[in-house]
Structure formats: C-alpha cells, structure tokens
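The structure appears right after this line, and notes come after that.
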Amino acid sequence: MNTNLSSFFIFLAVFGLLGVCHGQLRMHFYEESCPHAEEIVKEIIWNRVACNSTLPAKFLRMHFHDCFVRGCDGSVLIDSTPNNLAEKAAIPNLSLAGFDIIDEVKTELEKTCPGIVSCADIVALAARDSVSYQFQRPIWDVLTGRRDGIISSESEALANIPSPSFNFTTLKQSFANKSLSVHDLVVLSGGHTIGVGHCNFFSNRLYNFTGKNDENDVDPSLNSTYATFLKTQCKSLSNNVTTVPMDLGSPLSFDNNYFNILKQNEGLFQSDAALLTDGEATYNVNELLNSQNFFTEFAQSIMRMGAIQVLTGSSGEIRKKCSVVNP
C-alpha cells in the first residue's frame, strides 16, 4: 500500500494535479485570511478519528450528500425549523453522523478567525482529513473557497441523493445531473470500501425480490453465499436498525477492496451490483482492481465532486454556526 501511495503522489506532482483550480476554488484559499485554518481542522478531525475509526465513512458520506443537494454548500448541516424541513430530515440523511464534530471545528475556527472559514469547506476538509488519518498524510487535495448556502430542503435531498436501489440508467443520470461521468460514478462508488449499510436499504434483495411471496426469492445478481450470510444479519424486511459492513474484508480500511468484492457479486446495494450491468462501468471496475489506479482516480473524482455548484465570491454567506443560517 505504501508503495502504491508513493507512486500516486509522484503522479500528482508530475501531472500538476497538486495545484489545480476548479472555478474560483483554489488551494490554500485561507492562506492569508486564516493561515492555520486547515491545520486546525486536521488536528481536531485526526484526534476524533484516533478514538473512533468509524468517522471517516461518516464524513465521506456527509460530503457526498452535501454536494449532491444544491452543490457543496454546507446545506446538509442546517437544522430544521418550525417553518422548514431541512435536508437532515430526509430519509437518506437520518443516519448521517458527525455533526457535533463539525460544530466543534467551527467553534475553534470562529475563535481564531471569526467569520472567515465556511462550513462547506469544513465538510470537504473533514472528509479528506478523516479518510487520510489511516495514511498519516493527505491522500487528495481539497480546494477551498466555498461559501455557505442559506437554503436546505428535505424534498430536494430526496430528489437528488442517489438511492441504493437505483439501476444503472438512473445512477448514470443522477451523476450526469451533477456533471459527473460514468467514470466518476464508478470511482466514487469505491467509497463504499468503508462504512456500513442499514438492513432496510438492501434487504429487499434478500426476501421476495421478484414478488413471488417466497422467502427464498433472492436477487439473482447477489452471490448466494453472501446472501445467506446477510440473511443471518437482517432477518426481516422491516429491520431498520441492524447494520452490515459494506466491505466485510476490510470495513475500516480505505482501499480498493470494494472492486474485488463487487466482481464476486458481493456489492451490498442494488446500486453496487448495477455497475456490472453496463460495459463502460464494468471496464472502469476492472481498471480499479489496481490499487494505484484507484487512489489516483479517487483523488481526481472527489475533487470534481467537491466543485459541484459551489458558491464563491459574494454568493451565499459564511455561517457563524453551521446548523443555523445567519440572522
């Protein structure tokens, strides 16, 4: 792994990817206005991950869910009010976690540089720093300069966050709506190498899949041995509490093992299995069986994701508190 990562960093340097800009985002945006901002984020995130190895998956998912709704604008952090159901209230977001740590980071940054660092940038940095803790160095660049959105809507979250039950056509369109390619879709799906899935998001593959009222009616695209194991964990369609690691072999290690298990028909969700139903996507899956390819491509795809519909310049605001729009 270390050899692959070393080669990966050489690749970034040679091809100039360490200094790219996406629109008005750029490296070290806070260099003058809050020079220690990124170090403050990293220190808090690393301290928390050191005590809780499940956090990288949580922050990676938070970043993804933030960017797919109104762009990467921190709107996923906003609390609902009596007059507005926010993104947090949407079913896909009910299992998000780590908001308290984002608040902790924001509080520290507000002490150091009041009104300077956006919550949107904190989410992007927290995702990178938490995943990178395993390697003790950053494994992708985060361009900064995002500003915070002022709108957060449950219905928009439901309409924009890809469902784990999507087929390939729907997945492809969902990503295309955000200017992301099939290649990006496959690469970013590799994030499922860490974290867990709740039974209720995949147990329809285990029971009565085609509607025959037969408890042995399992999704035929699912490895039968794996399906038998999953049934021991998720004993009914109604179980919405139990979780199962998405990558049983190395659930806490950020690596390319997701693509190995996918090829064995052990992708947990229908949306995972869907990647093998398209020729272009399958080609990309095969390319990512190479560890170095995965790290290189993930670094680029997540930077593209992190630039979706960003607010920059004078758009949006810099929230004083991440869970509340400024008065």
Side-chain angles (χ1 to χ4, degrees), residues 1-6 8-9 12 18 27-28 30 34-67 72 74 76-77 88 93 95-113 116-144 146 188 190-198 243-258 291 294-295 298-299 302-303 305-306 321-323:
M1 181 65 74
N2 288 338
T3 302
N4 284 325
L5 275 176
S6 297
F8 159 61
F9 282 106
L12 290 181
L18 293 176
M27 290 292 292
H28 311 303
Y30 300 107
C34 189
H36 299 295
E38 294 192 23
E39 191 57 40
I40 289 169
V41 177
K42 188 186 90 165
E43 183 176 354
I44 293 173
I45 296 298
W46 278 24
N47 283 340
R48 294 294 172 227
V49 174
C51 302
N52 184 352
S53 57
T54 69
L55 286 175
K58 297 181 190 305
F59 285 126
L60 192 57
R61 185 163 177 252
M62 183 189 290
H63 184 32
F64 175 70
H65 284 210
D66 184 36
C67 290
C72 313
V76 74
L77 305 173
K88 279 183 180 178
N93 288 336
S95 55
L96 289 180
F99 296 114
D100 55 330
I101 300 172
I102 298 294
D103 289 342
E104 180 186 355
V105 172
K106 179 62 171 173
T107 299
E108 193 59 36
L109 286 169
E110 285 298 301
K111 288 179 189 171
T112 310
C113 318
I116 298 295
V117 182
S118 70
C119 298
D121 275 344
I122 293 172
V123 171
L125 289 164
R128 189 272 309 275
D129 291 340
S130 59
V131 173
S132 296
Y133 175 78
Q134 172 188 336
F135 307 97
Q136 292 293 294
R137 56 176 166 175
I139 63 167
W140 71 83
D141 284 329
V142 175
L143 306 183
T144 43
R146 297 167 190 79
L188 292 171
H192 285 179
T193 186
I194 52 175
V196 298
H198 285 74
T243 60
V244 175
M246 292 186 283
D247 173 359
L248 280 174
S250 53
L252 297 174
S253 176
F254 189 80
D255 53 33
N256 71 326
N257 196 49
Y258 167 82
S291 182
F294 170 63
F295 282 105
F298 192 87
I302 200 164
M303 285 175 72
M305 187 191 84
K321 186 178 179 184
C322 290
S323 59

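Everything numeric in this text was worked out from a predicted model, so none of it was measured. Just so you know, residue 1 is the first one in the sequence shown, and it goes up from there.
- Here the closest heavy-atom approach between residue G74 and residue A120 is recorded as N-CB, 3.6 Å.
- Atoms CG and NE2, on L60 and H65 in that order, are 10.0 Å from each other to the nearest 0.5 Å.
- Atoms CG and CG, from D247 and D255 in turn, are 6.0 Å apart once rounded to the nearest 0.5 Å.
- Taking both residues in full, the closest heavy atoms of M246 and G197 are given as CG-N, 3.9 Å, listed atom of the first, atom of the second, then distance.
- Side-chain atoms of H198 and S95, non-hydrogen and from C-beta on, do get closer than 4.5 Å to each other.
- G306 and C67 make their closest contact through CA-SG, 4.2 Å (heavy atoms, listed as atom of the first residue, atom of the second, distance).
- I44 CD1 to E39 CD: the interatomic distance, rounded to the nearest 0.5 Å, is 10.5 Å.
- For E43, there are no salt bridge (Lys or Arg N to Asp or Glu O under 4.0 Å) partners two or more places apart in sequence or in a different chain.
- Under the 4.0 Å criterion applied to side-chain N and carboxylate O atoms, R146 and D121 are assigned as salt-bridge partners.
- Rounded to the nearest 0.5 Å, atoms CG (L125) and OH (Y30) are 8.0 Å apart.
- Side-chain contact annotation: N257 with T193, donor-acceptor N/O pair under 3.5 Å absent.
- Checked against the 6.0 Å centroid threshold, F59 and Y133 do not count as a close aromatic pair.
- Between the OG1 atom in T107 and the NZ atom in K321 there is a gap of 8.5 Å [rounded to 0.5 Å].
- When all heavy atoms of I116 and C34 are compared, the pair lying nearest together is CG2-CB, 4.0 Å.
- We find that E110 and K106 are joined by a salt bridge, their nearest charged nitrogen and carboxylate oxygen being less than 4.0 Å apart.
- A heavy-atom distance below 4.5 Å is found between the side chains of L77 and M62.
- Residues satisfying the salt bridge (Lys or Arg N to Asp or Glu O under 4.0 Å) test with R61, not counting sequence neighbours, are none.
- Taking the six-membered ring where tryptophan is involved, the planes of F254 and W140 are tilted, since the angle between them lies from 30° to 60°.
- Closest approach of P138 to S132, counting heavy atoms only: CA-OG, 3.4 Å.
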TODO: Test side-chain contact (heavy atoms from CB on, under 4.5 Å) on M305 and H63 and set out the steps.
DONE: CA-CA 9 Å; M305 187 191 84; H63 184 32; 3.5 Å; yes
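- Distance check, rounded to the nearest 0.5 Å: CD1 of I302 to CG of D141 gives 12.0 Å.
- E38 has its side chain out of reach of M27: every pair of non-hydrogen atoms, C-beta onward, lies at least 4.5 Å apart.
- Smallest separation of non-hydrogen atoms from C322 and I102: SG-CG2, 4.2 Å.
- Side-chain atoms of V49 and P56, non-hydrogen and from C-beta on, do get closer than 4.5 Å to each other.
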**Item:** Audit row: V41, L109, side-chain contact (heavy atoms from CB on, under 4.5 Å) steps and yes/no
**Value:** CA-CA 8 Å; V41 177; L109 286 169; 4.0 Å; yes
